[in-house]
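Note that these values count all heavy atoms, side chains included, but never hydrogens, waters or copies made by symmetry. Not measured: the values here are computed from a predicted model. Convention: sequence-line order gives letters A, B, ...; per-chain numbering from 1.
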Number of protein chains: 2
Amino acid sequence: MLPELKLTPLRYVLAIIDEGGFHAAAKQLHRSQPAISMAVRDLEERLGQPLFEKGNGKAMLTPFGHWCEPRFRELVAHHDRVCSDALAITRQQRGRVDIAAVPSVASRLMPTLLAGFLASYPGIGISLQDGHSERVNEMVLKGEVELGITSLWMPDDTLSFTELLHDDIGVVCRDDHPLAQQTALHWHTLKPYPLICNGTSRLLEGSPAAELLTHSTLYISNMISLTAMLEAGVGITTLPRLAFPEEYERLRFVPLTSPYLERRIGLLKRAERSLSPAAEAMCAYLLRQLNH
Amino acid sequence: MLPELKLTPLRYVLAIIDEGGFHAAAKQLHRSQPAISMAVRDLEERLGQPLFEKGNGKAMLTPFGHWCEPRFRELVAHHDRVCSDALAITRQQRGRVDIAAVPSVASRLMPTLLAGFLASYPGIGISLQDGHSERVNEMVLKGEVELGITSLWMPDDTLSFTELLHDDIGVVCRDDHPLAQQTALHWHTLKPYPLICNGTSRLLEGSPAAELLTHSTLYISNMISLTAMLEAGVGITTLPRLAFPEEYERLRFVPLTSPYLERRIGLLKRAERSLSPAAEAMCAYLLRQLNH
DNA sequence: TTTGAATGGTAAGCTTTTCTTATCATATTA
DNA sequence: TAATATGATAAGAAAAGCTTACCATTCAAA
């Protein structure tokens with residue numbers, strides 16, 4: 001039904017128009033003149049009528065040829081646009097990455113990291129959202145984001161996890177708390193004090209210190225509330241070091257040494273699913289910055 | 001610099017997406033499955049990265065593939081649109097003709113002719129303007145219109161003239177004029193009466209009757225004015241029959257038989273310049289209607 | 001007019017591209 | 001576990017595209 005026009009002959013036609021003749025076009029296109037003639041003839045046959053006037057020496061467009069010229073130009077330009085956009089993506093000069101990260105990473109690590117990335121890849125757009133590790137997991141799994149930065153939650157063979165950094169767990173308390181002067185802690189020494197649980201408390205699970213959780217009666221998920229409670233001296237809590245809010249002068253972080261606990265923070269992506277070039281660039285950048 | 005994407009592989013990719021696999025696509029495209037595989041691989045190499053996930057059995061798009069899909073669709077659709085528009089023009093289902101005609105033809109002949117043409121070629125647009133023969137000539141020559149319908153003015157080898165009809169010259173006078181009862185006239189019998197010249201009077205030139213022009217003192221180019229003068233009995237004039245305004249009851253047309261004079265009305269177009277398909281259709285239609 | 005240098009078109013053969021057949025490796029399904 | 005999908009690979013055939021060599025025509029200057 002429809003003839004299939006190839007783009008090359010269209011370029012030939014445009015070159016003939018621009019250069020003013022078959023010979024000139026051939027020279028510009030690094031082709032022989034017969035190649036141009038034959039391609040044009042073939043094109044004219046497909047279209048059912050000539051584009052150039054026949055007989056008289058010069059190459060001049062027929063009325064139909066005049067009609068065709070702007071559309072050929074547009075079509076070729078459209079092709080080139082798609083091409084160069086695609087290539088820009090391949091070359092990581094354009095594109096976008098959607099990232100999800102746990103709040104501590106999002107607020108403490110990402111700002112400087114992303115600033116550096118943006119400087120290296122000015123064409124790439126980024127969206128960063130935070131969520132607790134379970135939610136990050138889910139966002140990656142559902143494809144809402146391409147990359148997640150989180151502590152490994154539920155190992156899943158449809159997800160791949162690449163470790164980026166370790167984050168040791170410690171106790172957070174007010175500066176006038178008896179524990180505040182310690183530099184290392186055994187979990188037993190926490191027993192006497194009221195413990196406020198938070199979203200990161202499950203990191204204690206599976207360790208001897210898990211016993212502490214059973215005696216706790218307070219669970220605060222919101223970070224602002226949690227720090228307020230700690231500043232008020234209501235109790236102590238455990239947090240990964242990265243989640244410890246340094247901007248509160250009266251709070252202290254004391255590492256837990258026995259048992260030594262850490263969360264392993266890493267890059268989460270869907271296994272068996274390749275990344276967009278932009279996400280690939282982001283991955284490489286993060287590994288370069290954090291892992292070495 | 002830019003890779004040259006051919007449209008066929010793009011169609012292959014879209015077919016794979018739509019049909020859900022290489023085999024299904026191959027079947028729909030009447031190609032073998034390896035043809036599809038190889039074309040896709042080549043395309044991926046040009047773009048610098050894969051469009052489909054490798055390894056796992058099913059054909060599923062990479063993020064880059066997802067980015068490409070809509071653009072490939074648009075590009076292919078753009079191509080098909082250009083193609084089908086061009087084909088509609090070739091098939092004379094679309095297009096436009098610009099015509100110029102002498103006033104008599106424009107007002108007496110064209111209305112019914114164009115109505116018939118429009119019925120046969122509903123997709124073709126027409127513009128018709130009138131002008132005296134010299135102006136029609138010029139409009140065709142300058143390319144303001146593609147076709148002219150006129151009496152041949154200055155034969156010119158850059159214009160081609162195809163005769164459509166003969167139009168005999170006669171005298172026009174009021175019904176109470178002595179000449180009004182005649183059915184045929186010799187130019188000598190006009191001598192005693194005041195002759196009003198008009199735009200068509202030069203048709204007498206080169207004939208014995210040309211002598212009449214030398215005695216005339218009145219030249220009226222506007223047709224409305226001319227008929228008003230004739231109705232007022234100011235004098236007589238000569239006109240081609242087609243230019244005789246039949247709607248004025250008191251005016252009579254008496255053919256000049258000696259010498260017999262006629263204007264040859266025909267189609268004027270630029271020689272060595274092919275016509276648009278729409279104009280071609282118009283030419284053929286006019287010849288069919290008038291010349292046979 | 002003649003000659004020379006343009007124009008574009010044609011023919012034969014080579015190169016590249018594209019496709020097909022046959023075969024393979026792998027994964028899913030009965 | 002066999003059967004039947006999936007897509008990839010290799011070798012050769014077919015088609016498309018290109019080049020060289022040559023022709024016909026036009027146009028301009030000698």
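Note on Lys58(A): every side-chain N or O is 4.0 Å or more away from OP1 and OP2 of dC27(D). Distances shorter than 4.0 Å separate some side-chain N or O of Arg41(A) from OP1 or OP2 on dT10(C). Here His23(A) does not reach the OP1 or OP2 of dA6(C): none of its side-chain N or O atoms lies under 4.0 Å away. Contact check, Lys54(B) against dG7(D): no side-chain N or O comes under 4.0 Å of OP1 or OP2.
Taking each heavy atom of Pro63(B) and Ser276(A) in turn, the nearest pair found is CG-N, 3.6 Å. Looking at every heavy atom in both residues, Arg263(B) comes nearest to Val102(B) through NH1-CG1, 3.9 Å. Minimum heavy-atom separation, Gly21(A) to Ala59(A): CA-CB, 4.2 Å. Counting all heavy atoms, side chain and backbone alike, Glu4(A) lies closest to Leu7(B) at OE2-CB, 3.6 Å.
Between His30(A) atom NE2 and dT19(D) atom P there is a gap of 11 Å when expressed in whole angstrom units. Following rounding to the nearest Å, Lys27(B) (NZ) and dT20(C) (C1') show an atom-to-atom distance of 18 Å. Note: CZ (Arg11(A)) to C1' (dG17(D)) measures 16 Å, nearest angstrom. Spacing between atom CG of Leu29(A) and atom P of dG17(D) amounts to 15 Å, rounded to whole angstrom units. If you take CD1 of Ile16(B) and P of dG7(D), they are 8 Å apart, rounded to a whole angstrom. Leu43(A) places its CG atom 15 Å from the P atom of dA16(D), with the value rounded to the nearest Å. If you take CD of Glu53(B) and P of dG7(D), they are 14 Å apart, rounded to a whole angstrom. Distance Met60(B) CE to dT28(C) P: 12 Å, rounded to the nearest Å.
The side chain of Tyr12(B) has dC19(C) as its nearest neighbour among dT18(C), dA21(D), dC19(C). Checking dA16(D), dT19(D), dC19(C) against the side-chain heavy atoms of Arg31(A) singles out dT19(D) as nearest. The side chain of Met38(B) lies closest to dA11(D), out of dT17(C), dC18(D), dA11(D). When distances are taken from the side chain of Ser37(B) to each of dG9(C), dG7(D), dC19(C), the shortest belongs to dG7(D). Side chain of Phe22(B), nearest nucleotide from dG7(D), dT20(D), dT20(C): dG7(D).
Heavy-atom contacts from other residues, nucleotides or ligands closer than 6.0 Å to CZ of Arg94(A) number 12 or fewer.
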- Task: Evaluate the side-chain contact (heavy atoms from CB on, under 4.5 Å) criterion for residues Arg202(A) and Glu134(A): first the C-alpha distance (whole Å), next the side-chain angles of each, then the deciding distance (0.1 Å), finally the verdict.
- Result: CA-CA 12 Å; Arg202(A) 67 162 154 256; Glu134(A) 202 167 345; 4.1 Å; yes
- Item | side-chain contact (heavy atoms from CB on, under 4.5 Å) evaluation trace for Leu75(B) with Arg71(B) | CA-CA 6 Å; Leu75(B) 188 58; Arg71(B) 337 226 159 210; over 6 Å; no
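Mapping Gln33(B) and Arg46(B) onto DNA chain C by nearest heavy atom places Arg46(B) at the nucleotide closer to the 5' end.
Interatomic distance, Glu69(B) CD to Glu74(B) CD, rounded to the nearest 0.5 Å: 11.0 Å.
Nucleic acid contact class of Ala59(B) (heavy atoms, under 4.0 Å, all strands): sugar-phosphate only.
Rounded to 10°, the angle separating the first-five-pair axis and the last-five-pair axis of the helix from dT1(C)-dA30(D) to dA30(C)-dT1(D) equals 20°.
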